Amino acid sequence: MRKNKFQEIYQELSSQITEGIIAANTQLPSEHELADRYETSRETVRKALNLLSQNGFIQKIRGKGSIVLETNKFSFPVSGLVSFQELSETMGKSSVTTVHEFGLIEPDSFLQQQLQADSNELVWKVIRSRQIDGETIILDKDFFLKKYIPKLSKEIGEKSIYAYLEKELGLTISFAKKEIVVVECTEEDKQLLDLDGFQHIVVVKNFVYLDDASLFQYTESRHRLDKFRFVDFARRGR
């Protein structure tokens, strides 16, 4: 079945944006110019632009027209439970993990609440930054209850903690509850990340459980705004 004209315009422009033919941060031609180019009405062009806006390709700004947005982002599945190492391999990107802090701590009141832990329970604290294609754009702050993970090391943190937990300790990581917020950057973010001028950061909070429903990990994964989109699959129930 033949596509509507506005869908054809959308497909062509979105492909050109994705392929870099139309560069990010540039302005698209006006509705009038696009209508002439595609030999159609401005209403048809407007439908195509609205679809581009809805799908994150452009931002329509009053008085300035349609500005092309950065689409070179890495997709992080919201519902999935994967390690950074697994994700970077899937993306085919070069990555480097740096461990900034590692050790056992006594949880403060905040961590006691997040991990449902007592004040006398020890917690592994692992602070790691993630560099992708030369830019440090993720800061992971991981906290694991020691009663489930008797031994851990900085060297393991530089590789994959999940691989160690599953293959060496035989733990079964089952599910996670997640919360996503946007907050102002902290001094720690500014110190450890290449923020490129951004003043806010996306924080994904993870509460991770074993197969017996034991909560064993709390994580804050802090992402630079312009480099990530979070994707999910949803099906409407009947």
Side-chain angles (χ1 to χ4, degrees), residues 13-28 52 55-59 67-103 124-144 152-165 176 178 180-206 208 217-232:
L13 291 176
S14 62
S15 295
Q16 290 177 355
I17 292 171
T18 301
E19 294 168 10
I21 298 171
I22 302 176
N25 302 313
T26 59
Q27 185 175 335
L28 286 182
L52 287 169
N55 289 313
F57 289 100
I58 64 171
Q59 177 67 41
I67 306 299
V68 177
L69 297 177
E70 173 66 60
T71 59
N72 182 27
K73 302 182 180 181
F74 309 119
S75 295
F76 283 75
V78 172
S79 296
L81 188 52
V82 297
S83 69
F84 175 80
Q85 184 181 64
E86 293 167 335
L87 200 57
S88 59
E89 289 173 356
T90 300
M91 294 188 299
K93 301 286 185 179
S94 62
S95 63
V96 176
T97 292
T98 302
V99 178
H100 299 279
E101 289 186 51
F102 173 82
W124 293 107
K125 177 181 180 180
V126 188
I127 308 298
R128 297 176 289 179
S129 63
R130 316 290 198 169
Q131 184 186 94
I132 302 176
D133 285 351
E135 288 189 290
T136 305
I137 49 183
I138 308 173
L139 180 63
D140 282 337
K141 305 176 71 171
D142 294 299
F143 303 91
F144 304 89
L152 196 59
S153 69
K154 181 178 178 181
E155 289 70 29
I156 293 170
E158 291 171 343
K159 298 175 183 177
S160 173
I161 293 178
Y162 273 18
Y164 167 73
L165 299 184
K178 301 193 178 191
I180 301 175
V181 295
V182 177
V183 300
E184 289 187 7
C185 296
T186 65
E187 290 301 318
E188 184 179 43
D189 295 327
K190 295 173 183 177
Q191 180 183 354
L192 299 180
L193 296 177
D194 298 324
L195 291 174
D196 197 28
F198 285 93
Q199 299 299 313
H200 290 78
I201 199 160
V202 176
V203 181
V204 183
K205 300 178 181 181
N206 289 272
V208 191
Q217 176 190 6
Y218 169 70
T219 296
E220 289 187 7
S221 190
R222 307 174 72 86
H223 302 261
R224 200 173 87 182
L225 277 175
D226 66 322
K227 282 296 182 179
F228 297 88
R229 64 174 176 262
F230 297 92
V231 298
D232 197 5

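Note that the structure is a prediction, hence the values are computed from the model and not measured.
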One should read off an interatomic distance between Ser221 OG and Leu139 CG, to the nearest 0.5 angstrom, of 8.0 Å

Rounded to the nearest 0.5 angstrom, the CD1-OG distance for Ile58 and Ser14 is 10.5 Å

Notebook entry, point to check: Side-chain donor-acceptor pair under 3.5 Å between Thr98 and His100, yes or no?
Noted result: no

Show, in sequence, the C-alpha distance, side-chain angles and deciding distance for Val182 and Val203, and conclude whether the side chain to side chain contact (heavy atoms under 4.5 Å, CB included) test is met. CA-CA 6 Å; Val182 177; Val203 181; over 6 Å; no

Quiz item: Do Tyr162 and Gln217 have side-chain N/O donor and acceptor atoms under 3.5 Å apart?
Solution: yes

What one should report as the nearest heavy-atom pair of Val99 and Gly157 is CG2-C, 3.8 Å

Interatomic distance, CG@Leu152 vs CZ@Phe102, rounded to 0.5 Å, equals 4.5 Å

The reported gap from CG in Leu52 to CG in Leu28 (rounded to nearest 0.5 angstrom) is 7.0 Å

>> So Val208 and Phe144, do their side chains get closer than 4.5 Å, heavy atoms only?
In response: no

(message) Any salt bridge linking Lys190 with Glu188? Criterion: basic side-chain nitrogen under 4.0 Å from a carboxylate oxygen.
(response) no

Rounding to 0.5 Å, atoms CG (Leu195) and CZ (Arg222) come to a distance of 10.0 Å

Quiz item: Are Ile67 and Thr26 close enough, and set up right, to give a side chain to side chain contact (heavy atoms under 4.5 Å, CB included), and what steps lead you there?
Solution: CA-CA 6 Å; Ile67 306 299; Thr26 59; over 6 Å; no

Residues Asp194, Arg224: salt bridge by 4.0 Å N-O rule
no

Between Ser129 and Thr136 the two heavy atoms that sit nearest each other are CB-CG2, 3.6 Å

Step by step, work out the side chain to side chain contact (heavy atoms under 4.5 Å, CB included) result for Phe198 and Asp226.
-> CA-CA 9 Å; Phe198 285 93; Asp226 66 322; 3.4 Å; yes

Here the gap from Leu193 atom CG to Cys185 atom SG, rounded to the nearest 0.5 Å, amounts to 8.0 Å

Given Lys205 and Thr219, is the side chain to side chain contact (heavy atoms under 4.5 Å, CB included) satisfied, shown in steps?
CA-CA 6 Å; Lys205 300 178 181 181; Thr219 296; over 6 Å; no

Minimal heavy-atom distance between Ile201 and His223, with the atoms involved, is CG1-O, 2.9 Å

Before accepting this row, confirm whether a basic side-chain N of the pair Arg128/Glu101 lies closer than 4.0 Å to the acidic partner's carboxylate O. no

